[in-house]
Amino acid sequence: MRYWLLKSEPEAYSIDDLKRQNVGMWDGVRNYAARNNIRMMEKGDLAFFYHSSAAMIGIAGIAEVARTAYPDPTQFQKNADHYDPKATTERPIWYAIDMRFKRKFKTLIPLAVLKNDPKLNTMLVVQKGSRLSVQEVKEKDFTYIMNMYAQDI
DNA sequence: GCCAACGTTGGC
DNA sequence: GCCAACGTTGGC
């Protein structure tokens with residue numbers, strides 16, 4: 001079992017949206033490194049749901065992989081933002097997964113808090129310039145964050 | 001295969 | 001809104 005961090009701009013898709021849907025499609029990933037991570041994700045893996053480019057930036061809650069990677073339908077949709085003319089149904093390029101809502105923190109764990117914790121200084125998300133939208137989280141970091149910052153929230 | 005130019009991400 | 005960092009594109 002692996003742990004992940006999934007970035008989303010809450011204006012586009014927030015943890016409240018996932019909570020409402022219970023199971024939501026995680027689509028629109030158009031970066032090869034992120035895609036490769038998506039294809040490694042297994043059912044039951046847990047992920048931090050991270051809100052980026054918002055008033056409150058940080059980990060908003062937890063989601064669980066409900067369905068492993070399948071071709072992202074938005075790559076074939078001509079009028080969609082994420083349309084990719086190079087992709088065909090025979091040779092898809094991009095993949096989506098389904099995530100199930102697990103938990104929303106009462107207050108998100110701010111990025112600044114993660115950055116200020118020396119124990120977390122190897123996490124990808126705290127590195128300057130780190131843009132990867134689907135990233136693996138070490139089990140020790142996931143557990144530590146849950147114990148340290150997510151007990152009473 | 002190199003690398004400059006360009007577009008995008010995302011924190012601040 | 002700014003801009004640093006990064007990924008991608010395309011000329012050579």
Give the cluster check for A:V126 versus A:V113: same hydrophobic cluster or not, with ILVMFWY residues linked at side-chain heavy-atom distances below 4.5 Å. yes
In residues 45-63 of chain A, what donor-acceptor pairs under 3.5 Å come from side-chain atoms, sequence neighbours left out?
{"unit_1": "A:D45", "atom_1": "OD1", "unit_2": "A:R2", "atom_2": "N", "d": "3.1"}
{"unit_1": "A:D45", "atom_1": "OD2", "unit_2": "A:W4", "atom_2": "NE1", "d": "3.0"}
{"unit_1": "A:D45", "atom_1": "OD2", "unit_2": "A:E42", "atom_2": "N", "d": "3.0"}
{"unit_1": "A:H51", "atom_1": "NE2", "unit_2": "A:I15", "atom_2": "N", "d": "3.1"}

Cluster link A:I97 to A:Y13, ILVMFWY, side chain under 4.5 Å: yes
Backbone N or O of A:G28 within a donor-acceptor pair of the A:Q75 side chain at under 3.5 Å? no
Would you classify A:S53 as touching base, sugar-phosphate or nothing, given that sugar-phosphate means primed atoms plus P, OP1 and OP2, and contacts are heavy atoms under 4.0 Å? base
For chain A and DNA chain B, what are the first and last nucleotides along the strand, 5' to 3', with at least one atom under 4.0 angstrom from a heavy atom of the protein chain? B:dG7 to B:dC12
Checking A:D17 against A:R20 for the salt bridge (Lys or Arg N to Asp or Glu O under 4.0 Å) test, could you report, in this order, the C-alpha distance in whole Å, the side-chain angles of both residues, the deciding distance, and whether it holds? CA-CA 5 Å; A:D17 294 323; A:R20 204 172 304 120; 2.9 Å; yes
